[in-house]
Structures are given as C-alpha cells and as structure tokens.
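Single-structure report; data block below.
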There are 2 protein chains.
Amino acid sequence: MGRPRQFDEQDAVTRATDLFWRRGYNATSVRDLGDELGLTPSSLYRTFTDKHTLFLRALDHYRATESVQAEQRLDTDGRPIRQVLRDWMLWLVTCPADGEPGRGCFVVNTATELGATDDQVRQRTEAAFDVTRQALRSLLCEGRRNGEPTTGLDLDAAVELLFTTVLGLRVRERAGHDPERLATAIDAVIGALGPMPAEPS
Amino acid sequence: MGRPRQFDEQDAVTRATDLFWRRGYNATSVRDLGDELGLTPSSLYRTFTDKHTLFLRALDHYRATESVQAEQRLDTDGRPIRQVLRDWMLWLVTCPADGEPGRGCFVVNTATELGATDDQVRQRTEAAFDVTRQALRSLLCEGRRNGEPTTGLDLDAAVELLFTTVLGLRVRERAGHDPERLATAIDAVIGALGPMPAEPS
DNA sequence: AACGTATGGGAGCGATCGCTCCCAAAAGAG
DNA sequence: CTCTTTTGGGAGCGATCGCTCCCATACGTT
C-alpha cells in the first residue's frame, strides 16, 4: 500500500558502502551520501534511520559481498594450499585496485577508525576477522589432511601469522604501496609455511 | 620582546599528538584540542596556524619520539637478531597498552584514514614507513655479518615480510586483539627467518 | 472515482564545525 | 615611567554538521 519507492534500497546500500569504504565514516557527510545515492534527506532517514545505522548496514553489506567473495576464493579445488593462499593474497591486494587503488579493506579501515570507540562497529569487525581466521584454519587443516604439512608451525601459529600478514597487506594496499613489494611479502609468508612437499608420484 | 607564552609549545604538541593518535584527524575538533591543550582558539591558531598544520606537527612529533624510540630498540647490543626482533615486536604491541590499549600506531592509523587523500600526510607516513623498513634491513644485514643467516629468504623478502607483519600487528593492537595471539604471530614470523643458528663455541 | 498511505522534494531546525577578530593584560625595550 | 609587542580570553563569523518537519505527489486499495 502507498506510493512505491523510486530507488532500489540494495543499490543505495551498495553506493553507500562504496562511499564509506573510500572516505571512512567521519569524512562522509549525510549530504555526500544523499548526492551519491540520489536520495533526499527525508528518504534517506526514513529508509535508513540515521547515518550510523546506514553505516552498519554498509558494513554488513560489505561482509555479505566482498568478504564472502574473499572466503570463497580460499576454497581449494584440489589445488595445493600454498597455491590457493598465494593466489588469494595476490587477489586481495589487487582486487581493490580495479578501477581505484588505495581503498584497502573496508573492515580494516573501519576497525582502525572506529574500533576503539564504537562497540557496535567493533562487534562487526571482530566477527569479520573471526570468519577470515576460521577460513584460514580450515584451509590449513585441509592441507594437512591432503599431505601438505606446514612444517615448523603448529596450526594456531600459522593462522595467526597469515591473518596478521593479510591485515598488513590490506593497510599497505590502502597506503598505495607497490604491488610487487606486496607480492614479495606474500611469497615470503608462503615460504614460511615450510617447503613445498614433493608431488606424489 | 612582547608578552611571553604562558604555555609550553612542545608540551602542547605532545598533548595534541595524544588526542589525534587516539581519535584520528576528523573525529578531533579544534575545540577538543583547545580544551585538552588548555589553549584558547586565538592562541592555538596564532601558534599553529590551523588544525591541519597542527596535525602535521603532531605527526612529526610522533615520528621524532615514538618512532625513533622504536628504531632504537632495533639496535643489537650484541644480541642475536632474532631475539632483538622478537623483543622489539613484543614491545610494539604492548607499549601502547601502557595506560591505554587500543591506540595502535599513529602513523598506521593516519595512513589508513588520510593516506588516500592528503598528500602532505602521505609524504610523512611513507617517510616513516621507509625508516622502519631501512632499520629492519640494517638489522638483517648485521645479522648476516655476524653469522646469523636468514635461510630461505633473501634480504628483500625478509624485510617485506617483517614490515608487513608489523603493520598487521599494529592494526590488531588498535583493534584490541589478545596480546597472546599477537605473540603467537610474532614467534611464527621469527621462525620464518629460519632456524636459530647454533651458538658459536 | 474517492480514499488511505507512503514517497520525493526541500526548507530549515539547533548544534557544531574550523576559524577570525577585537581587546585588555602582561612583559621586554627605551 | 611610556611605548611596543605579543599574549590570553572570548564573542561570534559563515559554513556545514546530522537531522526533522511539512506538503504536494503518486501509487495501491476499495
């Protein structure tokens, strides 16, 4: 009943995510959002309550799209886990560069900007981090089952090392660092998992 | 000539650094700064020109104190470089916790918040990053001269890996992650440098 | 066609933003 | 002392902040 919307709510959230991702929370004004989404203030507030709620929705949208896409790429299709990890990390540091480098990871950017003060945000960023850690753990477990041991590192240590490195890579991509240098770091951390096991004959 | 200041300029910069460090640039208002520094707007602007200039001074002050202190701790006093690195990284993720955890690194926080848009800021954060990388490189070189090779990794790879890991650790400290988990990541990356060489008899 | 309901548009709210100006107070220079 | 210079204090500038309200519009319902 009533007059239908002239805009697509999901599309609006996507655009809002894009803007928050690039500029951060505090540097993005409601008027900026209204211009970018093509919404008047009344529509924006009736639909999304307020700026903070819209930001939380943007964060959830990011987790449901970008983050999920990232974890899908951690699925082995029978490939060696070192290759999966390498391709995944290389993709992480180049995917935001498509069209526009220096965006980094929305979750990481948000955690550093608001994580220390905003509990609702912190809860979401920590959940996103946990998902990534869990995906890494699963991958390493699968590698062990398939005879690709990570020598010299127990499971916890390998997960923490990889996860920490990924956060560092995200920051460096945001900072505009040379992708080749990031690739060097990626190869180094893959090597830290131990020598590539011999191909079964 | 003229009336002398009733406040210490260096002390004011220190307090401003503290506030910018905790809240970031955009979330810190000039009135917040005035209250924290005990300065009226007129004194603040006469002394520091404007908010942005004061921020740059805060960034420089941080580099001249915290960053320099960090690089001093990378000096080997004849200790094995693995021990130096380990102690250094452990200190990095616990030093901001003295009194107040979740501050992270001012340079890293700033690079993610403003690095993509503010060239003057970017220039400073990149300079700070270069200093850290150079310090790591020097340490590794010294280790090689003293018969502590970093097996399996050439110099560039080791530097990039360590530097990236440090950025990740800084983000995680800012995010309030468990220090013990960070210690696990630290031990893992130290182990990635290769086995500890045997003690010379 | 008439009604009920939610929308898009926009003026504008009080508060705060970064910043400026004016003036009395305070100390060195003569 | 007087003069000069710079300070601390504070009112308040125009602009923008996040947000609210009102109303004509447009669609589903009956």
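Below, chain A is the first sequence line, B the second, and so on; all start at residue 1. Only a predicted model underlies this, so the values are computations on that prediction, with no experimental measurement involved. Below, each value reflects all heavy atoms present in this structure, side chains not excepted, and no hydrogens, waters or symmetry copies.
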Between the protein and nucleotides 28-30 of chain D, which nitrogen or oxygen pairs come in under 3.5 angstrom?
none

With a cut-off of under 6.0 Å to the ring centre and 45° to the axis, is B:Lys51 in cation-pi contact with B:Phe20? no
Donor on one side chain, acceptor on other, B:Asp11 and B:Thr14, under 3.5 Å: no
Please tell me whether B:Asp50 and B:Thr53 have a donor and an acceptor in their side chains that are separated by less than 3.5 angstrom. yes
Are A:Thr132 and A:Glu71 close enough that a side-chain donor and a side-chain acceptor fall under 3.5 Å? yes
Classify the nucleic acid contact of A:Thr40 as base, sugar-phosphate or nothing, counting any heavy atom under 4.0 Å across all strands shown. base
A:His177 and B:Glu126 side chains, donor-acceptor separation under 3.5 Å: yes
Once you apply a heavy-atom cut-off of 4.0 Å, does A:Thr28 come out as touching a base, just sugar-phosphate, or nothing? sugar-phosphate
Rounded to the nearest angstrom, tell me the gap between atom CG in B:Asp8 and atom P in D:dT7. 14 Å
Contact class for B:Thr49 (heavy atom, under 4.0 Å): base, sugar-phosphate, or nothing? nothing
Report the residue (B:Arg31 or B:Gln6) whose heavy-atom-nearest nucleotide on DNA chain D is the more 5′ of the two. B:Gln6
On DNA chain C, reading 5' to 3', which nucleotide is the first and which the last to sit with an atom under 4.0 Å from a heavy atom of chain A, could you check? C:dT5 to C:dG12
Between the side chains of B:Thr76 and B:Glu142, is a donor N or O closer than 3.5 angstrom to an acceptor N or O? yes
How about A:Thr165 and B:Thr164: does a side-chain donor come under 3.5 Å of a side-chain acceptor? no
Quick one: B:Arg46 CZ to D:dG9 C1', roughly how many Å, whole number? 10 Å
Please figure out whether A:Val30 or A:Ser42 has its closest DNA chain D nucleotide nearer the 5' end. A:Val30
Rounded to whole angstrom units, what separation is found between the CZ atom of B:Arg5 and the P atom of D:dG8? 7 Å
4.5 Å side-chain heavy-atom contact, B:Phe163 and A:Arg181: no
May I ask you to check whether A:Phe55 and A:Phe106 place their ring centres under 6.0 Å from each other? yes
